[in-house]
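This chain uses plain numbering: 1 for the first residue, then up along the sequence. Reckoned from all heavy atoms, side chains included, excluding hydrogens, waters and symmetry mates.
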Amino acid sequence: MFYTPIHMQADIVTSKERQLTASNNNMMTKLSLTLLVLLSLPCSVQGRQRLPFQYIDGAICVPATLQNGPATLKANLMVDFGLNCDLLIHADAQEVLALDSDQPITVDLKGRSLEGVTVIAQSLDELDEFSKKNAVLLDEIPVWGILGITAFDSPVMMLDIQNRLCEYGDIEIPEGHQLSCDIVKGRWVGSIEPDPGYQVKVVAATGEYECVFDGDTAALAGSETADFENCRFFGLNLRDYTAIRAHEEFSSQLGVGDCVIANSFWQNFVVFWDIQNSQLTLLDHPGGMISDVAEQKCYNAFAEEDVEEIERYLENYPESRLVEEACRTLLEMAVESGDSQRIDAAVSRFCQGLKPKPAAEQMTAYAVQAIEDHNWSMAEQFLTTAGTQINKTEDAPLLAGRINAYSGWTALETQRLSDARRYLLNALFVNPQDTLTNYLMGRYHQSNDEWTRAWARYLRASLTDDPSEPAILALKQMDQNTAFRTAFTVEDACDFLEGHLHDEEGKLSQPAMLLRLQGGELIQSAIDRIQEQRQ
């Protein structure tokens, strides 16, 4: 499940909210449903406006330009009807635009400007992964924030996910399935009945795809996996339209309810957001249903760790969006079991289910975890698979370099020095300045008693913007090696260091300052001598 803005602060209060009187609270309640529309609205709406959007990985996204005085930033923005704020902005975008929290900016959406949009800075790390995963669809422009709805004013909004369109302004609401809602701590909240006579609070959101129930709430309602036979929402049976996932401690993440109803449900309808009357109205979509109700079987299998059912789902639905998660789940369960045959089968299934590049990325991530656990044989297995997958694509040379670097690491740890040299040289060919690879190459040379070459590699790994602490420690330890110090002088050290210590202004660089403090007597003496010569 990707980024879920409702998991953010449960109580979001903007400066605009603080300016509203109690008599306006009802209007603000409805405004939290207008989120999707807000994307192209000027501050006042006249007539009926249309706004197309992209539907990417189950999220509603629009291109935008953010402006703070002379500073501008092209961005994609995710939109969520459930957020009662102007704009949650990524901390990196805040830095680029030199923004203070609560500072108003201009948001240009397809030529329409939203003026005085107040920003709330957040880390929003989840957006980084979303942007990376969907870079092509986003035209390589990151998602830099999530739009809320308090910057906009529209009496009615209409959302049609199947046609990638919302309309807003002067819209007549037809008769349909209706639900009355309230705003609770900045969220659009209604009621849902997962079991007859048992009502719980539900948060309406358009910032994610999946419908999710709190695990304890689901169990109290009769199903630990949230596989309800008759869950009533808008007078409809939710099970007829979408699958529901159960997550432990979900209520504490939400802060205002026990479950979320999201786009896997809304996409089956044309949805009208009546701000003035605090109501949602649903019309069955003329395009019919598109939700994958069969995903419930996979959700249940995840919760119950049912290997056979997960494998059966993969066989029956090889194009499902859950394939990657299912393959990852099978592999993690196999690794936990320690059964080599299960691991082999799970690795094979994983590579069948994913494209070569993402398969290589995931295998590399598992290898790194195995390296951290000092499980060298498992790390080698994952890296071998990652190497096979990366050879099937030509657009990931840096990843190929990392795979070789980690392979060199495992070879060093298992005393296969010739293999280590081959892997590390291949990694250095891709990225000669890589900190980890230079450190590992230093270890290789040290294993062969090539002390000067080892010292030079450790030095390279220490003089980067991301200096290697193990490399600095290794330099300090070499200071204490009598044989090395006899053959290697301060003058030799100066020759290696000259030209690598100072920044563009001639000052001692931060990595050099760190090395000066932690790198031992030889480093200290050499840097001091070079500094004296410069003066």
Side-chain angles (χ1 to χ4, degrees), residues 2-9 12-17 28 30-43 45 49-68 72-94 97 99 101-122 124 126-127 130-131 138 141-154 157-159 161 164-168 183 186-188 204-208 262-263 266 273 275:
F2 57 82
Y3 171 70
T4 312
I6 50 174
H7 298 171
M8 304 288 295
Q9 309 167 10
I12 298 175
V13 181
T14 69
S15 59
K16 290 196 175 184
E17 280 185 277
M28 288 307 299
K30 309 322 183 308
L31 278 174
S32 36
L33 281 189
T34 27
L35 167 62
L36 203 53
V37 183
L38 94 174
L39 288 183
S40 86
L41 267 176
C43 289
V45 178
Q49 306 283 341
R50 295 168 60 88
L51 175 69
F53 56 80
Q54 287 184 287
Y55 193 48
I56 299 175
D57 205 6
I60 298 166
C61 299
V62 293
T65 300
L66 310 179
Q67 183 175 356
N68 177 35
T72 61
L73 178 66
K74 285 188 176 298
N76 280 292
L77 298 176
M78 191 180 291
V79 294
D80 191 331
F81 278 101
L83 286 179
N84 198 37
C85 65
D86 285 7
L87 174 63
L88 297 182
I89 193 168
H90 194 293
D92 290 348
Q94 178 196 24
L97 293 170
L99 292 172
S101 190
D102 273 352
Q103 180 178 350
I105 66 170
T106 298
V107 178
D108 183 82
L109 300 166
K110 298 180 182 287
R112 300 176 186 268
S113 291
L114 304 179
E115 305 289 346
V117 175
T118 302
V119 301
I120 301 175
Q122 299 278 342
L124 300 182
E126 298 89 342
L127 293 186
F130 182 86
S131 297
L138 294 167
I141 300 173
V143 177
W144 285 125
I146 306 100
L147 275 168
I149 47 75
T150 57
F152 300 85
D153 181 15
S154 176
M157 288 81 171
M158 184 277 289
L159 172 63
I161 290 180
R164 313 296 191 258
L165 177 69
C166 73
E167 296 184 353
Y168 50 90
I183 288 295
R187 311 294 180 184
W188 189 262
T206 64
E208 62 177 296
N263 293 337
W266 307 125
W273 311 81
I275 297 171

- Inter-residue atom distance I161.CD1 - Y55.OH, 0.5 Å rounding: 4.5 Å
- Say whether, by atom type as modelled, one donor and one acceptor occur between the side chain of T65 and the main chain of D108 under 3.5 angstrom. no
- Item | Main-chain N/O of L66 paired to W144 side chain as donor or acceptor, under 3.5 Å | no
- Query: Any idea which heavy atoms bring L159 and T206 closest together, and the distance?
  - Reply: CD2-CG2, 4.2 Å
- Task: Determine the minimum heavy-atom distance between I56 and L138, stating which atoms define it.
- Result: CD1-CD2, 3.5 Å
- Message: Would you say that I146 contacts L87 through its side chain, given a criterion of any heavy-atom pair below 4.5 Å between the two side chains?
- Response: no
- Student check: side-chain heavy atoms of T118 and Q103 closer than 4.5 Å: no
- Note on the structure: Looking only at heavy atoms, the pair that brings V62 and P52 closest together is CG1-O, 4.3 Å
- N76 side chain to I141 main-chain N or O, any donor-acceptor pair under 3.5 Å? yes
- Query: Does the side chain of I120 reach to within under 4.5 Å of the side chain of I89, using non-hydrogen atoms?
  - Reply: no
- So how far is it from L83 CG to R187 CZ, rounded to the nearest 0.5 Å? 5.0 Å
- To the nearest 0.5 Å, what is the distance between NE2 (H90) and OG (S131)? 7.5 Å
- All heavy atoms of L165 vs all of F53, minimum pair found to be N-CE2, 3.2 Å
- Message: Looking at L97, is its backbone amide N or carbonyl O close enough to the side chain of N68 to form a donor-acceptor pair, meaning the two atoms are under 3.5 Å apart?
- Response: yes
- Query: Do you know the tightest heavy-atom contact between L73 and A93?
  - Reply: CD2-CB, 3.6 Å
- Where is the tightest heavy-atom contact between W273 and M158, given as atom of each residue plus distance? CD1-N, 4.4 Å
- Rounded to the nearest 0.5 Å, the CG atom of D57 sits from the CE atom of M78 at a distance of 8.5 Å
- Between the side chains of E208 and N263, is a donor N or O closer than 3.5 angstrom to an acceptor N or O? no
- Query: T106: what forms a side-chain hydrogen bond (donor to acceptor under 3.5 Å, both in side chains) with it, not counting sequence neighbours?
  - Reply: E115
- Note on the structure: Between the SG atom in C85 and the CD atom in Q122, the distance rounded to the nearest 0.5 Å is 8.5 Å
- Message: Test of understanding: with side-chain hydrogen bond (donor to acceptor under 3.5 Å, both in side chains), list the residues that count as partners of Q67, not counting sequence neighbours.
- Response: none
